[in-house]
Structure formats: structure tokens, C-alpha cells
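Here, residue 1 is the first one in the sequence, and each next residue gets the next number. Atoms within each ligand, like the ligands themselves, are counted from 1 in listed order.
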Amino acid sequence: MDDRPIGVFDSGVGGLTVLKELIEKLPGEDVVYFGDTARIPYGSRSKETVIKYFLQSVRFLLTKDIKAIVVACNTASALAMEEAQKVFEIPILGVIEPGAEAAIAVTRNSKIGVIGTEGTINSQSYQRRMRRMLPSAEIIGISCPLFVPIVEEGWENSDVAFMTAKQYLLELKEHNIDSLVLGCTHYPTLRYTIDKVLEGKVNLINPAYETAKAAKIMLKESNLTSSRIDGGKCEFYVSDDPEKFKRIGGNILKKEIASIRKVNIENM
Ligand code: DGL
């Protein structure tokens, strides 16, 4: 048993989709959440920059006496996790592996789509993982950069969201995919719109949900589970204006975030 908190990292507010699932699966765990809001988006940045930002963020989380890290950010999981695992000894779990495994488990026709930021899609991280598990799989990756701002505006169920999704997902429909990985923190919020565009015919894989399940297993296997059954608390840190995080985050988490502190991440 270990009552220290879990560190959750994201480039901003979208990682709250992962936090939400973690709270549901692991209600006794304390969490320290860090959102690198001053430097979002990670999705359009180079690998070197994402690695630099992510290592600084991990160094900050380590000052909070955490027992493990969950990387909610798909882009950081895809581009920087391997490097971090070489540098730090703490267990680090990302979203790619759990999301990829779930897609392979549900596909029937081996035609799988994956959507995410440019960084995530171009890295081929999801695609490689899935092909390793199912070499015959046909995997189509599409980056959908407009989805993040649409969610941050709170427009996830609007006509704008529907038209944008229709345009992005056209190619996936043509390929007759039967499963789609929502490979970005913000996309689970768009799942009703995406489902409507795909006419309810495609299994939507939510890596946030899958990662929370994997985190529970990881803590158990490493004897790191908290002794509490519920009542876990969350602390929030960001690298830019806490007010914006509070507003958008409240919408994603569906409850008010009481206290958010600002961190000078460049010094880490
Ligand atoms: N958190 C990022 C991800 O899941 C999306 C936002 C960004 O580009 O930083 O890839």
C-alpha cells in the first residue's frame, strides 16, 4: 500500500478527460495534476521540444512526492515517454498502449482508424503498436487539429463540430473502418458528434478510459495502491492563467475546480 499521490500530466486542460476516468476507477487515490497551459499545444511541436517540455513537467511533478505518473497527453505519450522512462525511475504510464490494445481487442474486420494531433499521428506510435499486435491490420491515421479549439470553446455538440468531424472522418468512412481510436485528450468529449458522423457503425475507443483501467492494474501489480477506498483529493497546477483552466476544465470535468496554482515551469 502507498498513499502518496499519482501525478497526472497533460499539455493543458484536455487531460481532465483522463483524470475523470481515474477518479471513477480509483476513488481512493490522491492526484496531483499538472497542465502545461503556457506551452500548449504540444500537438504541432517538434519531438525535441515535446521531450524538453515533458521532462521539465515530470521534474515538477516529482517535487510533489508522487508514486507514479499517468501521461494523459497523447502527444507526449507518443513522442516523449520513452525518453522519460530512460531518465526517471518512477513508473510512467501513457495512453498509447492501453488505447492500441483496446482497438485490437474489439476490431472484427482489422480496419482501424486513429485520430489525434499532427505529432501523435506523424509519430506512428499508435499505428506501430497496433501493427505489432495484429500485423494484418489496415490502420488509417488522420490528424484533426481543429478538434482541440472546438472542445475548448465548449462547442463539442454544435453544427461546427459536426461539419468539421464530417470533413475529417470522410476518408475513414471510405475505408470501412470498424473501430476508431480517439487519440487525443480532447476527443472523448466529441464522441457523440463523432458517433453521429459515423452513423453509430464504428466502435469508439477512448484511451482515457482504457488508461484508467491500466493504471489500476499497474498500481496493484507494483503494490502502490492507496489504502483508502474513496475520498481521494486532487491538487491542480498549471503554467499559465489558472482562470482559463478553471472555466474550460469545469466544463470537461463537469464540476467546479476549486483551487489551481500557477507554476514557473521554465525553471524546472
Ligand atoms: N493533450 C494533447 C494530446 O492529447 C492535445 C493538445 C495539444 O496539442 O497539446 O495530444
Which one holds for I40 and ligand 1: side chain close, backbone close, both close, or neither close, with close meaning a heavy atom under 4.0 Å? side chain
Does the K52 side chain pair with the main chain of K47, one donor and one acceptor, at a distance under 3.5 Å? no
Would you mind reporting whether E97 and T211 have side-chain heavy atoms less than 4.5 Å apart? no
Closer than 4.0 Å to some heavy atom of T185 - which atoms of ligand 1 meet that? 1 (N), 2 (C), 3 (C), 4 (O), 5 (C)
Before signing off on this row, confirm whether S44 and ligand 1 have an N or O atom pair separated by under 3.5 Å. no
Would Q127 and R132 count as a side-chain hydrogen bond (donor to acceptor under 3.5 Å, both in side chains) here? Give the steps. CA-CA 9 Å; Q127 295 94 314; R132 214 179 294 152; over 6 Å; no
Can an N or O of T75 be found at a distance shorter than 3.5 Å from an N or O of ligand 1? yes
List every atom of ligand 1 that sits less than 4.0 Å from any heavy atom of Y42, numbering the atoms from 1 in the order shown and giving each element. 7 (C), 8 (O), 9 (O)
Which atoms from ligand 1 have a heavy atom of S11 less than 4.0 Å away? 1 (N), 2 (C), 6 (C), 7 (C), 9 (O)
Counting each atom of ligand 1 from 1 as listed, which ones have a heavy atom of D10 under 4.0 Å away? 1 (N)
Give the minimum heavy-atom separation between C234 and I23, together with the two atoms involved. SG-CD1, 3.9 Å
Can you sort out which atoms of ligand 1 are near G43, meaning under 4.0 Å from one of its heavy atoms? 7 (C), 8 (O), 9 (O)
Answer with yes or no whether G12 contacts ligand 1, where contact means a heavy atom under 4.0 Å from a ligand atom. no
Check for me, please, whether V31 and L224 land in the same ILVMFWY cluster - side-chain distances under 4.5 Å, paths through other members count. yes
Could you tell me if the side chain of L16 sits less than 4.5 Å from the side chain of V13, heavy atoms only? yes
Which atoms from ligand 1 have a heavy atom of T117 less than 4.0 Å away? 5 (C), 8 (O), 10 (O)
Under the salt bridge (charged side-chain N to carboxylate O under 4.0 Å, His left out) test against E29, which residue among K67, K216, K220 passes? K67
